[in-house]
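Just so it is clear, the values below take in all heavy atoms, side chains as well, and ignore hydrogens, waters and symmetry mates.
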Amino acid sequence: MKVVIVGGVAGGATAAARIRRLDEQAEIIVFERSGYVSYANCGLPYYIGDVITDPEALTLQTPESFFSRFRVKMKVHHEVVAIHPEEKTVSVKNLESGEVFEESYDKLILSPGAKPTQPRLPGVDMDKLFTLRTVEDTFKIKKYIEEYNPKSAVIAGGGFIGLEVAENLRERGMEVTIVQRPKQLMNPFDPDMASMIHAEMRNHGVRLALGYTVEGFVENHGGVDVLLKDEAPLHADMVVLAIGVSPDTALAKEAGLELGIKGSIVVNDRMETSVPDIYAVGDAVQVKHFVTGDDALISLAGPANKQGRIAADNICGGDSRYSGSQGSSIIKVFHMTAASTGLNETNAKKAGIQTDKVILSPMSHAGYYPGGNVMMMKVVFEKETFRLLGAQIVGYEGVDKRIDVLATAIRAGLKGTDLKDLDLAYAPPYSSAKDPVNMAGFMIDNIANGILKQFTIEDVTALPVDGSVTLLDTRTEEEYSEGHIEGFKNIPVDELRDRLSEIEKGKPVYVICQSGVRSYIATRILIGNGYECYSFTGGFRFYDTVMTDRCLIERATDCGMDQ
């Protein structure tokens, strides 16, 4: 059996190694148009920032090491330019010599990945504009920085690559501005959770221009003017375009393969395309979203590697199936960590799912053990059924552990109420006896049993101010004096039982505290004394962060760049 693989990075390299492990006799040839195979795409921004200093560390394997271990022919600087399904051949161009030749196959795997989205804008081809996809792109950016010592950069786009490049350029001492059309960074997060990412970026000197549309680029005074719709241009010494990626599927289209969302390759759960003996994996394929079952594009390294393995299994006579992607991801944002899995609230509602949520801010480990930090968690679930839909966490240490537990719970089909029963490891340096994931489960269980009724940040502005409801802040007097929501009366929770006479019976009571714990305790006290009560999910700390962020974004839109 002869297998040809187009693309030698995540999915392609994984498939090649797996085929060899299953079939010692197979002939395996991989064509990769860049000069590198099996490289760490996710590590590229950190080489630019000198976090990774050895360029060889970016490549997990070389063509030579791959052949030595797996007897796979890795042909770099070779681009497949055409597929001929009827003849079961591909046309290949040697990019060094210009030679074009035909290569036959019994099975073909397409792993071309995704390419940076290139907007059709004036000036997009100037030499001070960069994209980041390959090792060569990384070397090009770093060489420019070392030769010209730019002092400022504009990053167009606020996704994974945009944030990682912004952080690494900022760590090199450059002035950095992120500009993009949406009014938030990191679309996997809801706007309220993204506000904490925004705060961390601002705290480290990154300027945010959210809600601005880029219309072109002009060379000016040795740098670049980034032209904005209805706004003054941004000037910088260099620009990095990181506005997203698109499936790199021109080859598949010309070969007549069925295409889906944004031109992605349609595959079944065995990673088979619409053409016999042709498989496709990675960022170029359309998959099923695990939570909704809808068609989706999810460009992440984890799914690409799993798909490569599945395609290899099936080529070698197995019957492996891909059950879908849920978009589990994590990113370092300076000192902070942000992670998500499954559906956020915004996309769950777009999918027509009736949603509910809990927002909590537990400590990363036992509060009495030194060094703990608060993390903000948002767990989204389906109303009535309590099926887990997704989760987002922003914090410091321990974020990765909790998001992986929640991702596993979603994959296992657990309900939000089941989180309370998970038997999770505990020692004071690592967690609490009631782990943050358990705490989310306790809250959801209380909602399910009618013990907890919530109100949210969206409800605050709609609360009547005509005296028909009671607004209660149960923090200490000192906390209250440092900031509170207008109209909320302060009665510290520990004084509440002795001051019940100050709260009029017959009116609903809306209660807030710093994190949500004291307000919940207060509602139980009040309910036990005959009141109707609602606890604010997330607490004042969450409310203040979100509202401050919204004000900064709106002020920037009205008055100029976000500071």
Is a donor on one side and an acceptor on the other found under 3.5 Å between the side chain of Asp106 and the backbone of Val3? no

Check the side chains of [Y] and [X] for a donor-acceptor pair under 3.5 angstrom, ignoring hydrogens and angles.
| X | Y | answer |
| --- | --- | --- |
| His289 | Ser325 | no |
| Thr117 | Ser246 | yes |
| Ser65 | Thr62 | yes |
| Arg411 | Ser323 | yes |
| Thr89 | Glu87 | no |
| Asn314 | Ser320 | no |
| Thr417 | Asp445 | no |
| Lys383 | Thr355 | no |
| Gln326 | Thr341 | yes |

#### Entry: Test: Glu345 and Lys378 ion pair at under 4.0 Å
yes

Check side chain to side chain donor-acceptor pair (under 3.5 Å) between [X] and all other residues, then give those that pass, not counting sequence neighbours.
| X | result |
| --- | --- |
| Asp356 | none |
| Lys332 | Glu167 |
| Gln184 | none |

Which heavy atom in [X] sits nearest to a heavy atom in [Y], and how many Å separate them?
| X | Y | value |
| --- | --- | --- |
| Val285 | Ser264 | C-CB, 4.0 Å |
| Val394 | Val399 | C-CG2, 4.3 Å |
| Ala242 | Ile155 | CB-CG2, 4.4 Å |

Checklist line | Arg550 vs Val546 side-chain heavy atoms within contact, under 4.5 Å | finding: yes

*With under 30° as parallel and over 60° as perpendicular, where do the rings of Phe139 and Tyr36 fit, or are they tilted in between?*
perpendicular

Distance under 6.0 Å and angle within 45° of the ring axis: does Arg33 meet both against Phe31? no

